[in-house]
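A short write-up of the structure that comes next.
In listed order, ligands and their atoms are each counted from 1. All values below were derived from every heavy atom in this structure, side-chain atoms included, with hydrogens, water molecules and symmetry-related copies excluded. We number each residue from 1, following the sequence as shown.
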Amino acid sequence: MNVLVTGGAGFIGSHLCRLLLSQGHDVLVLDDLSTGCYENLDGLEDGKRLRLIVDTVNNAALVDDCVRQSDCVYHLASAVGVRLIIDQPVRTIESIVGGTETVLKACSRYRRPFLLTSTSEVYGKGSKVPFCEDDDCVMGPSSKRRWSYACAKALDEFLALAYWVEMRLPVVVTRLFNTVGPRQTGQYGMVVPNFVRQALRGEPLTVYGDGQQSRCFAHVEDVVGALTRLLECPAARGKVINVGNNEEVTIMGLAERVKQLSGSRSEIQVIPYEKAYGEGFDDMRRRVPCLERAGALIGYRPVRQLDDILRDVIAWERRKLGAGSAV
Ligand code: UDP
């Protein structure tokens with residue numbers, strides 16, 4: 001098949017492209033290289049099996065052309081990372097809402113199956129454990145910029161599901177929980193690459209808040225495997241599906257694990273949220289996915305657990321740091 005991957009030069013997108021190529025598909029990537037980067041696709045672009053177009057998903061004429069050439073569409077292009085979302089709220093909202101609308105319109109025109117990567121952020125401040133797909137989304141106020149991301153992604157979900165209901169466009173909405181692995185940049189605040197880099201450089205590991213907030217980290221290869229199987233699964237159409245890992249760890253526990261697995265002597269430094277993100281920041285205490293729906297639809301079970309994931313990221317960052325590593 002000819003597959004379009006928007007955001008294919010990003011962290012998750014580039015892993016998805018590798019998987020699709022290995023499955024024998026030809027891949028067209030549309031990416032503006034804003035948070036993605038060319039290095040993520042290094043060695044893959046050959047103008048035949050993988051082609052890269054550098055432009056935004058807000059370019060409607062181009063999106064139309066790309067979708068027309070493709071048999072199905074994975075829509076990953078999006079602003080990412082809490083840091084970027086707080087620093088650039090206009091770009092966040094416009095790229096998420098406008099981009100998805102443009103891609104969906106073209107998919108509807110040519111009847112192309114569409115997969116959206118939404119986010120566990122849409123569950124917001126809900127305190128239920130675990131989060132199931134039909135649970136309420138509990139948003140914070142619009143004065144707190146972080147919530148713009150969750151609201152924009154929730155609107156994307158509504159729109160995709162509306163295309164299914166009104167036009168029977170085959171859409172699959174996936175909600176990705178914290179996804180990590182090689183090639184993720186710490187530049188936008190993500191905790192795992194940050195901690196690993198800090199540990200390898202012998203710098204303090206910066207734990208925000210009291211460190212008792214928790215997350216569940218999934219390996220990107222488990223996640224992209226689920227994405228391809230979900231888009232191929234007729235029963236997944238018109239549904240929202242959590243994708244992630246349900247092994248929970250506190251952020252303080254994560255810092256300790258990273259130190260241990262990397263053999264680092266770095267200190268752990270606790271930093272108040274206000275200092276890390278500025279005034280008026282809201283964090284989520286716990287975020288655990290219910291994976292029953294993905295299990296029922298495609299037999300999904302994450303294969304790689306936290307220690308495997310951290311070892312993988314540490315090995316990757318070590319290679320990148322080379323001789324500059326502090327440990
Ligand atoms: N965090 C941290 N130190 C960092 C970066 C993040 O303690 O250097 C915390 C952050 O406040 C949150 C958790 O780690 O509680 C996960 O943050 P991330 O930005 O990776 O993802 P989120 O789940 O917040 O989208």
State the atoms of ligand 1, each with its element, that fall below the 4.0 Å cut-off from a heavy-atom position in [X].
| X | answer |
| --- | --- |
| N194 | 4 (C), 5 (C), 8 (O) |
| N178 | 21 (O), 22 (P), 23 (O) |
| E121 | 25 (O) |
| R287 | 22 (P), 23 (O), 25 (O) |
| Y273 | 11 (O) |
| Y208 | 1 (N), 2 (C), 3 (N), 4 (C), 5 (C), 6 (C), 7 (O), 8 (O), 11 (O) |

Original post:
How are the rings of Y208 and Y277 set relative to one another: parallel (under 30°), tilted (30 to 60°) or perpendicular (over 60°)?
Top reply: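 Rings of Y208 and Y277: perpendicular, over 60°.
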Original post:
Heavy atom of M252 under 4.0 Å from ligand 1?
Top reply: no
Original post:
Measuring from the heavy atoms of M284, does anything fall under 4.0 Å of ligand 1?
Top reply: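 Per 4.0 Å heavy-atom rule, M284 does not contact ligand 1.
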Subject >> For atom 13 (C) of ligand 1, the protein heavy atom that lies nearest, with its residue and separation >> reply: I251 CD1, 3.6 Å
**OP:** Give the contacting part of Y277 toward ligand 1: side chain, backbone, both or neither, where contact means a heavy-atom distance below 4.0 Å.
**Re:**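 Within the 4.0 Å criterion, Y277 contacts ligand 1 through side-chain atoms alone.
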Original post:
What do we get for V191 next to ligand 1 when only non-hydrogen atoms under 4.0 Å count, side chain, backbone, both or neither?
Top reply: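 It is both parts that get close, each with some atom under 4.0 Å.
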**OP:** Return yes when atom CD of E292 has more than 12 non-hydrogen atoms of other residues, nucleotides or ligands closer than 6.0 Å, and no otherwise.
**Re:**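 Counting neighbours around CD of E292, 12 or fewer heavy atoms of other residues, nucleotides or ligands fall under 6.0 Å, so no.
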